[in-house]
2 protein chains.
Amino acid sequence: MCQAVWSTTVSTSEPPRVPPAGSAFLLTQLGTHAASAFAERIARLDLTPPQTGLLRVVASEPGRSQQALAQQLGTPPTRLVALVDGLEERGLLERRRNPGDRRLHAVHLGPAGEKLMGEIRDVAREHDDAVLAPLDDDERARLRELLGKLADAHGLTPGVHPGYRHLGAPDAKGAPGDQAS
Amino acid sequence: MCQAVWSTTVSTSEPPRVPPAGSAFLLTQLGTHAASAFAERIARLDLTPPQTGLLRVVASEPGRSQQALAQQLGTPPTRLVALVDGLEERGLLERRRNPGDRRLHAVHLGPAGEKLMGEIRDVAREHDDAVLAPLDDDERARLRELLGKLADAHGLTPGVHPGYRHLGAPDAKGAPGDQAS
DNA sequence: TATTGTTATACTCTATAACTATA
DNA sequence: TATAGTTATAGAGTATAACAATA
C-alpha cells in the first residue's frame with residue numbers, strides 16, 4: 001500500500017494556503033505517522049502490525065478459540081485463519097484441538113512465540129520512545145493524560161484500535177484512502 | 001475494506017492482559033478513530049478523504065499542473081488522473097489547457113467546487129469539535145501545543161499527511177493492515 | 001439445525017508499466 | 001529525447017459466500 005497524502009495545508013509561505021489544521025487533523029497525521037513508524041520497526045522481527053496484534057492478544061489470554069479472537073479483534077474469522085496459518089508455520093502459534101468440543105481450535109503461543117514476545121515488547125518500547133522523543137517528561141505525562149481522556153471519552157477499547165477503511169468512503173469515482181482532518 | 005484491530009490491551013479485568021498501551025499506541029488509535037470519523041462526516045458531501053484533500057489543495061493554489069499536485073500530495077500522477085476525473089464530472093474541478101505549453105492541464109475549482117469548499121470547511125470544523133468535545137478550552141490548547149510540537153519535530157508537512165501502507169509490512173503470509181503501537 | 005473452522009471467490013484500492021500528445 | 005497526461009494491467013489486501021466437520 002502506498003497511500004499518501006490528501007490534505008490541507010497550514011499557512012506557510014507565499015501562495016494562499018488552506019486554513020490552519022485543527023487538532024483533529026494533527027491527530028490523524030500523527031497517528032498515521034506513528035502507525036507506519038511502528039510497522040517499519042516491527043518488520044525487523046518479520047512481523048506485520050496485524051500479526052503483532054494477534055500475538056499480543058494470544059499472549060495475554062492463551063487458549064481461546066479463533067472465533068473469540070476474531071470477535072475481540074473485530075476482524076472476520078476468515079481473516080484470522082490466514083493470519084494464524086502464517087504464524088503457525090513459523091512456530092509462533094499453535095492450534096490445539098479441544099477434546100471436549102472438537103470443532104474448537106485453542107490458539108496458544110508456540111515456543112518461538114514466547115521468545116518473540118520479549119522482542120516485541122522491546123520494539124514497542126523503542127517505538128514509544130522514538131515517537132515521544134521531542135517531549136520532556138512533563139510534557140509526556142500531560143500528553144498521555146490528554147490522549148487517555150480522549151480515548152476514554154470516545155469509547156475506544158483499551159487495547160484494540162478501531163477499524164479504518166470501509167467506514168467512511170462510500171465509493172465515489174476517484175478512490176478512498178485515508179486523509180481526514 | 002474493513003480493517004480493524006490488531007492490538008494490545010491495557011490491563012482491565014480478570015485475565016492477564018498485555019502491558020499498558022503507550023502514548024504512541026494511543027496516538028495511532030486516536031488518529032485512526034479521527035480519520036474514520038472524518039470519512040463518515042465528509043461522506044455527507046459525497047466525498048472521500050482523498051477527494052477532499054485534493055479539493056483543498058487546489059483551492060489553496062489553483063491552476064497548478066497535475067504533476068505538481070501529485071508531487072505535493074505524494075501520490076503517483078496516475079492516481080491523480082482518476083481523482084480529477086471524478087471531481088471534474090461533478091463540476092467540482094476544471095481542467096484548463098495551458099496555451100503556452102499544451103501538455104499541461106491547469107487544475108482549477110469549478111463553480112460547484114467553490115460552493116462546496118464552504119461546506120467542507122463546515123464539516124471540518126464540526127469534526128474538530130466532535131473529536132475535541134471531551135476537553136475543555138485549556139486542555140485543547142495544551143493538546144494542540146503538544147501535538148504541534150510532535151508534528152513539527154517529526155518533520156510532518158504542515159498540511160499533508162504521510163502515507164500509510166506499503167511503508168512497513170514486508171509481506172508475510174497473513175496480511176498487513178494497520179495496527180501499530 | 002447451529003456452530004467452528006476452512007476454502008474459494010470477488011471486490012476495492014493502489015501502484016507499475018506502456019502509450020499518446022506535445023515540446 | 002524528454003515531459004504531461006492518460007490508459008491498461010497487475011498486485012496487495014480484505015470481505016462475502018459457499019463448504020466440511022462436529023455438535
What is the minimum heavy-atom distance between A:A24 and B:A34, and which atoms define it? O-CB, 4.1 Å
Please list, in numerical order, the residues of residues 98-109 of chain A that have a heavy atom closer than 4.0 Å to any atom of DNA chain D.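 Heavy-atom cutoff 4.0 Å gives A:G100, A:D101, A:R102, A:R103.
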Donor-acceptor pair (no angle test) under 3.5 Å: A:T78 side chain, C:dT6 base: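 Not at all, since no donor on one side and acceptor on the other fall under 3.5 Å apart.
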Can a donor-acceptor pair be found, under 3.5 Å and without considering hydrogens, that links the side chain of B:R64 to the backbone of B:L69? no
Using atom types as modelled and distance alone, determine if a side-chain donor or acceptor of B:H105 lies under 3.5 Å from a backbone N or O of B:Q66. no
Closest to the A:D85 side chain, choosing from D:dG5, C:dT7, D:dT7: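 Looking only at side-chain atoms, A:D85 lies closest to C:dT7.
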Can you figure out which of D:dA4, D:dT6, C:dT7 approaches the side chain of B:R95 most closely?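 Comparing D:dA4, D:dT6, C:dT7 against the side chain of B:R95, the answer is D:dT6.
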[X] [atom1] - [N] [atom2] separation (whole Å):
| X | N | atom1 | atom2 | result |
| --- | --- | --- | --- | --- |
| B:Q71 | D:dT3 | CD | C1' | 13 Å |
| A:R64 | C:dT4 | CZ | P | 14 Å |
| A:R97 | D:dT22 | CZ | P | 7 Å |
| A:R79 | C:dT9 | CZ | P | 21 Å |
| A:R96 | C:dG5 | CZ | C1' | 18 Å |
| B:Q66 | C:dA21 | CD | P | 17 Å |
| A:E88 | C:dG5 | CD | C1' | 12 Å |
| A:Q67 | C:dT3 | CD | C1' | 7 Å |

Return the set of residues passing side-chain contact (heavy atoms from CB on, under 4.5 Å) with B:Q67 (not counting sequence neighbours), or none when no residue passes. B:S65, B:P77
For A:D122, side-chain hydrogen bond (donor to acceptor under 3.5 Å, both in side chains) partners two or more places apart: A:R125
Looking at B:E126, I want to see if its CD is surrounded by more than 12 non-hydrogen atoms of other residues, nucleotides or ligands under 6.0 Å. yes
Should we say atom CG of A:D137 is surrounded by more than 12 heavy atoms from elsewhere, each under 6.0 Å from it? no
